[in-house]
Amino acid sequence: VITVDIRAPSRSYPVLVGAGAIAALGEVVPRGARRAAIVTQPGIDIEVDPGIEHATFMLGSGERAKSLQSVEELCGAWSRWGLTRADTVVAVGGGVVTDTAGFAAAVYHRGVAVVHVATTLLGMVDAAIGGKTGVNLAEGKNLVGAFWQPHAVVCDTDALATLPPREMRSGMGEMAKYHFLTGRDLLTLELDERVAACARIKGDVIAADETEDPANVRGRATLNYGHTLAHALETAGHYDLRHGEAVAIGLSFAAALAARVGRIDHDRVDAHRRVLGAYDLPIELPPGSSTAELVELMSRDKKAIDGLTLVLDGPGGVEVVRGIDPTIVAATLDELTWGS
Ligand SMILES: NC(=O)c1ccc[n+]([C@@H]2O[C@H](COP(=O)([O-])OP(=O)(O)OC[C@H]3O[C@@H](n4cnc5c(N)ncnc54)[C@H](O)[C@@H]3O)[C@@H](O)[C@H]2O)c1
Ligand SMILES: [Zn+2]
């Protein structure tokens, strides 16, 4: 088992990565906790033993379960069970479980410890690490949340054996983004090492910019590499794409756009395509995409006059770039649609 230390300014904690890592759960549960509220979903049949008195609380599945209603239900059930501020929550699942249970933990008694047991690849390399927690509103995804760092994260790669292939691919889309945040070739690593490497990269970003300072163009916002188009594709709602698949298309688009504006050369674009191809991820827009709709969704909340804000690769690495001309964005999307 590989241990990656995350040194966020608000809390330092270990991420345990490897086959069988779950056996160490009892060692990373906060000392002093007498009870553990385990939060998971039906269909995730992973036995966890926190080594203290525990009970299991079920969450629904999908984005609909990431709601304020779920938070209210969890907090109510924890209270009836007798969970105190000195105890701990253990979230066992993918991003839906860790985001929702993490946020409920952040607000229950103004904050109770949480340990994340990530059971999806996306959770292991991204959602469970870094302390962003939250839920959706009818008005949009992740609109309500809190920064609440976990006390530990367990990434038992044995859990991936039961993960549906589509979910595995989705995690690989998120994994692909880390290839471009550093110069390292992660493809040469075996899975456990690669998951650990991703955790380390995210940890380093968070150590430097825990709460995503809007003025820090090379900070936490770079973790949104590939995400502006991905969110537009997801918001449009009529594409059959998992989050990581949308991110993969977003990365392919971001590379093409960066080349178009002269920030990177074609070798670097090819490097993006090579990594996405190695993960068998999509690099073109889905059939029937509307450039006008996607540009409109990408520029939402921003005055069109200022241009678009995107995370782009460049000579100094990946960074936030403002004021991008929407016509260049549209031309890049058209190129991506035609698959040229
Ligand atoms: N907080 C963050 O920093 C962050 C980062 C990225 C994504 N997210 C959030 O994460 C969510 C997506 O997470 P996800 O992709 O893990 O999806 P998910 O949590 O919905 O999990 C996908 C499906 O796989 C099932 N599942 C989970 N583990 C399994 C296992 N081991 N075996 C079989 N089935 C299993 C789940 O029950 C679910 O049906 C989104 O809501 C997104 O906003 C958060
Ligand atoms: Zn993402």
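Indexing begins at 1, ligand by ligand and atom by atom, following the structure's order.
Considering backbone and side-chain N/O of P164, none are found under 3.5 Å from N/O of ligand 1. The shortest N/O to N/O separation between H243 and ligand 1 does not fall below 3.5 Å. By the 3.5 Å distance cut-off applied to N or O atoms, T119 is counted among the residues near ligand 1. The shortest N/O to N/O separation between K66 and ligand 1 falls below 3.5 Å. Checked against a 3.5 angstrom limit, the closest N/O atoms of D99 and ligand 1 fall inside it. For the pair I46 and ligand 1, the shortest N or O to N or O distance does not fall below 3.5 Å. Residue-to-ligand polar distances keep E174 apart from ligand 1: every N/O pair is separated by 3.5 Å or more. At under 3.5 Å, not a single nitrogen or oxygen of T133, backbone or side chain, sits near a nitrogen or oxygen of ligand 1.
Separating the OG atom in S170 from the CG atom in L121 is a distance of 8.5 Å, to the nearest 0.5 Å. For the atom pair OG1 (T84) and CZ (R35), the distance works out to 8.5 Å, reported to the nearest 0.5 Å.
Summary of contacts: the protein heavy atom closest to atom 29 (C) of ligand 1 is L163 CD1, 3.6 Å. The protein non-hydrogen atom at the shortest distance from atom 17 (O) of ligand 1 is R242 NH2, 3.5 Å. When only non-hydrogen protein atoms are considered, atom 7 (C) of ligand 1 lies nearest to L122 CD2, 3.6 Å. If you check which protein heavy atom lies closest to atom 21 (O) of ligand 1, you get T120 CG2, 3.7 Å.
Between N142 and K66, the side chains place a donor N or O and an acceptor N or O closer than 3.5 Å (distance only, hydrogens not considered). With hydrogens and angles left out, the side-chain atoms of E174 and H227 include a donor and acceptor closer than 3.5 Å. T291 and D334 are linked by a side-chain donor-acceptor pair at a separation below 3.5 angstrom, with hydrogens and angles left out of the test. Between the side chains of R260 and T332, at least one donor N or O lies within less than 3.5 Å of an accepting N or O.
Ligand 1 has no atom lying under 4.0 Å from any heavy atom of M168. Within the 4.0 Å heavy-atom shell around ligand 1 one finds A159.
Rounding to 10°, one obtains 120° for the angle at the Zn ion (ligand 2) between OE1 (E174) and NE2 (H227).
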Stepwise, does the side chain to side chain donor-acceptor pair (under 3.5 Å) test hold for E293 with H238? CA-CA 12 Å; E293 179 191 35; H238 44 81; 3.1 Å; yes

Audit row: S10, E210, side chain to side chain donor-acceptor pair (under 3.5 Å) steps and yes/no: CA-CA 8 Å; S10 70; E210 182 176 15; 2.5 Å; yes

What's the verdict on side chain to side chain donor-acceptor pair (under 3.5 Å) for Y13 and H116, showing C-alpha distance, side-chain angles and the deciding distance? CA-CA 11 Å; Y13 53 95; H116 291 318; over 6 Å; no

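Taking every heavy atom of K202 and a limit of under 4.0 angstrom, the matching atoms of ligand 1 come to 3 (O). Interface atoms of ligand 1 facing V96, defined by a heavy-atom separation under 4.0 Å, are 11 (C), 13 (O), 18 (P), 19 (O), 20 (O). Within ligand 1, the atoms closer than 4.0 Å to a non-hydrogen atom of D126 are 5 (C), 6 (C), numbered from 1 in the order shown. The distance from ligand 1 to the heavy atoms of N142 drops below 4.0 Å at these ligand atoms: 43 (O). Taking every heavy atom of Q41 and a limit of under 4.0 angstrom, the matching atoms of ligand 1 come to 36 (C), 37 (O), 38 (C). Per-residue contacts place T162 under 4.0 angstrom from the following atoms of ligand 1 (heavy atoms of the residue considered): 30 (C), 31 (N), 32 (N), 33 (C). In the vicinity of E63, heavy-atom distances shorter than 4.0 Å reach the ligand 1 atoms 40 (C), 41 (O). When each atom of ligand 1 is checked for a heavy atom of E167 under 4.0 Å away, the hits are 22 (C), 23 (C).
With V154 as the partner, the side-chain contact (heavy atoms from CB on, under 4.5 Å) test is satisfied by one option alone out of V28, V17, V48, V1: V28.
Using a 4.0 Å cut-off between heavy atoms, T98 makes no contact with ligand 1 at all.
With hydrogens and angles ignored, the 3.5 Å screen pairs no side-chain donor or acceptor of T228 with any backbone N or O of L310. A donor-acceptor distance shorter than 3.5 angstrom exists from the side chain of K177 to the backbone of L223, with no hydrogens or angles considered.
Considering S170, S61, G95 only, the shortest heavy-atom separation from atom 39 (O) of ligand 1 involves S61.
Residues T162 and D45 form no side-chain contact, since every pair of their non-hydrogen atoms from C-beta on lies 4.5 Å or further apart.
In this structure, atom 2 (C) of ligand 1 is in close contact with the protein, since a protein heavy atom lies within 4.0 Å of it.
In this pair, H272 and Y225 present their aromatic rings perpendicular. The plane angle is above 60°, beyond the 30 to 60° band.
Hydrophobic clustering (side-chain heavy atoms under 4.5 Å, transitive across Ile, Leu, Val, Met, Phe, Trp, Tyr) keeps V97 apart from I22.
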